[in-house]
Number of protein chains: 2
Amino acid sequence: MGRPRGFDVDQALERAMRVFWARGYEGASLAELTGAMGITKTSMYAAFGNKEQLFRKALQRYGDGPAAYATRALEEPTARAVALAFLRGAVRTTTPPGGPSGCLAVQGALASSDESRAVHDLLADWRNDAGVRLEERFRRAVNEGDLPRDADPRRLARFIMTMGFGIAVQAANGLAPAELDEIVDTALLGWPA
Amino acid sequence: MGRPRGFDVDQALERAMRVFWARGYEGASLAELTGAMGITKTSMYAAFGNKEQLFRKALQRYGDGPAAYATRALEEPTARAVALAFLRGAVRTTTPPGGPSGCLAVQGALASSDESRAVHDLLADWRNDAGVRLEERFRRAVNEGDLPRDADPRRLARFIMTMGFGIAVQAANGLAPAELDEIVDTALLGWPA
DNA sequence: AGGGTTCTGCACCGACCGGTACTTAATTGA
DNA sequence: TCAATTAAGTACCGGTCGGTGCAGAACCCT
């Protein structure tokens, strides 16, 4: 009961996510955020709490949406296919035709002032979690005989994650998807048979 | 003539560079910058112009100092040695024992508000220039027969740059130098003979 | 119809942002 | 000794930051 909300929370969150994606956490002002969301600051505070909680929800949406490739890739049948799907997904997500370049989880708050340390750490954890899931998938691949018995799952996962982060920076540098795909191919040349 | 400067410009610039490195361009406030430099805002403006020009000079110092490994690596005798020296240098520079983690050129302004677009573009150019120099070095290696005739210098350079950027993010994530060196070794497994 | 509840829009908060005018201090050359 | 010149320190500028108090609007239930 009470007055119903005059805007679509999902759509507002989607737009906030894109602003954070393009500007970073600190670079995104409440004025620009709420302007893009089509609501006033008061409505934003009522619906999301504050700027930091809005970012947390935007990051969650990012993981369920644009960055869902990271989870989907884990379902590929072989470790090589997982790695390839992961990096191809990174390329596609960091170079959206009509959206911001790069990766929200990378450029959201790589460096920040002390006040934003909480968000900085949140993103570091987010990135590390993605690496751990990849590592577990590769460990399974070793157990299944899909990867050589002497392969180091943690090393491989960290390598792939490093490539993903690097691709995010290259995308922010303006490289095209086709050029990034070439880089991915080069990176996988040394992948264990 | 006139009253002599009461501080060491080089030392002040070094300290400013470290603040920018840790906080990013927008995250570094004039108060924190001048506090670390040990001077007042007035002195900073008289000596450096404004915040953006201070950053430009700090970036130049970064290239001549911590990031000089990128230029030194080009002098290695073989393409493989160049790539290895470049990435080992990236590891060492992005994990200084007493300094900020990561790479100033990466985390200085990956995402930013419109007002800082100039700095954002400056860093993108800086990163691209490093890639171009690497590419030219690899092209020379192909001509010298050091790399196979069918090797693509641009592709290889972009791959190494991507690894460097990724290492910078992993360093900001808290990985230790030894762990990053492992990643470098993994990355070079597929390097053309 | 009217109370209870929730949301919206406006105006406003103190704090901090990058940047500067002005006074005072320290130096050189005459 | 004293004007000319440059640096340093203080106090301040308008603007924007994230965040709120408050009044009115829009809904549900009785």
Side-chain angles (χ1 to χ4, degrees), chain A residues 1-13 15-17 19-20 22-59 108-109 111-123, chain B residues 1-13 15-17 19-20 22-59 108-109 111-120 122:
Chain A
M1 87 188 284
R3 177 172 173 173
R5 205 163 256 141
F7 64 95
D8 184 326
V9 177
D10 268 6
Q11 177 180 328
L13 189 55
R15 293 181 180 175
M17 182 195 72
V19 174
F20 280 130
R23 306 296 193 194
Y25 177 69
E26 290 190 306
S29 72
L30 278 186
E32 185 173 3
L33 283 165
T34 54
M37 297 165 86
I39 62 178
T40 63
K41 280 190 280 186
T42 317
S43 296
M44 193 283 281
Y45 273 86
F48 299 99
N50 59 18
K51 189 186 177 183
E52 182 180 329
Q53 291 180 352
L54 175 63
F55 182 84
R56 298 185 110 92
K57 279 160 186 158
L59 179 63
S112 65
S113 60
D114 267 340
E115 312 147 25
S116 313
R117 163 149 293 192
V119 170
H120 174 271
D121 294 348
L122 169 71
L123 287 182
Chain B
M1 83 187 288
R3 175 173 174 175
R5 206 165 254 138
F7 64 96
D8 184 325
V9 177
D10 268 5
Q11 177 181 327
L13 190 55
R15 293 182 179 174
M17 181 193 74
V19 174
F20 280 130
R23 307 297 192 192
Y25 176 69
E26 290 190 305
S29 71
L30 278 186
E32 184 173 4
L33 283 165
T34 53
M37 296 165 86
I39 62 179
T40 63
K41 280 190 281 185
T42 317
S43 297
M44 192 284 281
Y45 274 87
F48 299 99
N50 59 20
K51 187 187 178 183
E52 182 180 328
Q53 291 180 353
L54 175 64
F55 181 84
R56 297 184 111 92
K57 280 160 186 157
L59 178 64
S112 66
S113 61
D114 267 340
E115 312 146 24
S116 312
R117 162 148 292 190
V119 170
H120 174 271
L122 169 71

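Every chain is numbered from 1, with letters handed out A, B, ... down the list of sequences. Please read all numbers here as calculations on a predicted model, not as lab measurements.
- Defined by atom type and a distance below 3.5 Å, a donor-acceptor pair is missing between the side-chain atoms of A/Ser112 and A/Glu26.
- The separation between A/Leu54 atom CG and D/dG18 atom C1' is 12 Å, rounded to whole Å.
- Below 30°, between 30° and 60°, or above 60°: for A/Tyr25 and A/Phe20 the angle between ring planes is below 30°, a parallel geometry.
- A/Lys41 contributes a side-chain N or O that forms a donor-acceptor pair with the base of D/dG19 under 3.5 Å.
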### Message
Evaluate A/Asp114 against B/Arg23 for side chain to side chain contact (heavy atoms under 4.5 Å, CB included), listing each step before the verdict.
### Response
CA-CA 8 Å; A/Asp114 267 340; B/Arg23 307 297 192 192; 3.1 Å; yes
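- When the side-chain nitrogen and oxygen atoms of B/Thr42 are compared with OP1 and OP2 of D/dG9, none of them lie within a distance under 4.0 Å.
- Between B/Arg5 atom CZ and D/dG9 atom C1' there is a gap of 16 Å when expressed in whole angstrom units.
- In this structure, B/Lys51 NZ and B/Lys41 NZ are separated by 11.5 Å, a value rounded to the nearest 0.5 Å.
- Put simply, CZ on A/Phe55 is 16 Å from C1' on D/dG18, counting in whole angstrom units.
- A/Lys57 NZ to A/Asp10 CG: the interatomic distance, rounded to the nearest 0.5 Å, is 12.0 Å.
- At whole-Å resolution of the value, CD in A/Glu26 and P in D/dG18 are 10 Å apart.
- The base of D/dA25 is paired with the side chain of A/Arg3 by a donor and an acceptor separated by under 3.5 Å.
- Separating the CD atom in B/Gln11 from the CD1 atom in B/Ile39 is a distance of 10.5 Å, to the nearest 0.5 Å.
- Of all nucleotides in DNA chain C having an atom under 4.0 Å from a heavy atom of chain A, the first and last in 5' to 3' order are C/dG4 to C/dC10.
- Both B/Gly2 and B/Gly38 sit near DNA chain D, but only B/Gly2 has its closest nucleotide nearer the 5' end.
- Mapping B/Pro4 and B/Met44 onto DNA chain C by nearest heavy atom places B/Met44 closer to the 5' end of the strand.
- Between A/Ala28 and B/Phe7, it is B/Phe7 whose nearest contact on DNA chain D lies nearer the 5' terminus.
- We find that CZ of A/Phe48 is positioned 18 Å from C1' of D/dT20, with the value rounded to whole Å.
- At a cut-off of 3.5 angstrom, counting only N and O atoms as typed in the model, there is no donor on one side facing an acceptor on the other between the side-chain of B/Thr40 and the base of D/dT10.
- One can place CG of A/Leu30 at 8 Å from P of D/dC17, the figure rounded to the nearest angstrom.
- From A/Leu54, atom CG reaches atom CG of A/Leu59 across 11.5 Å, with rounding to the nearest 0.5 Å.
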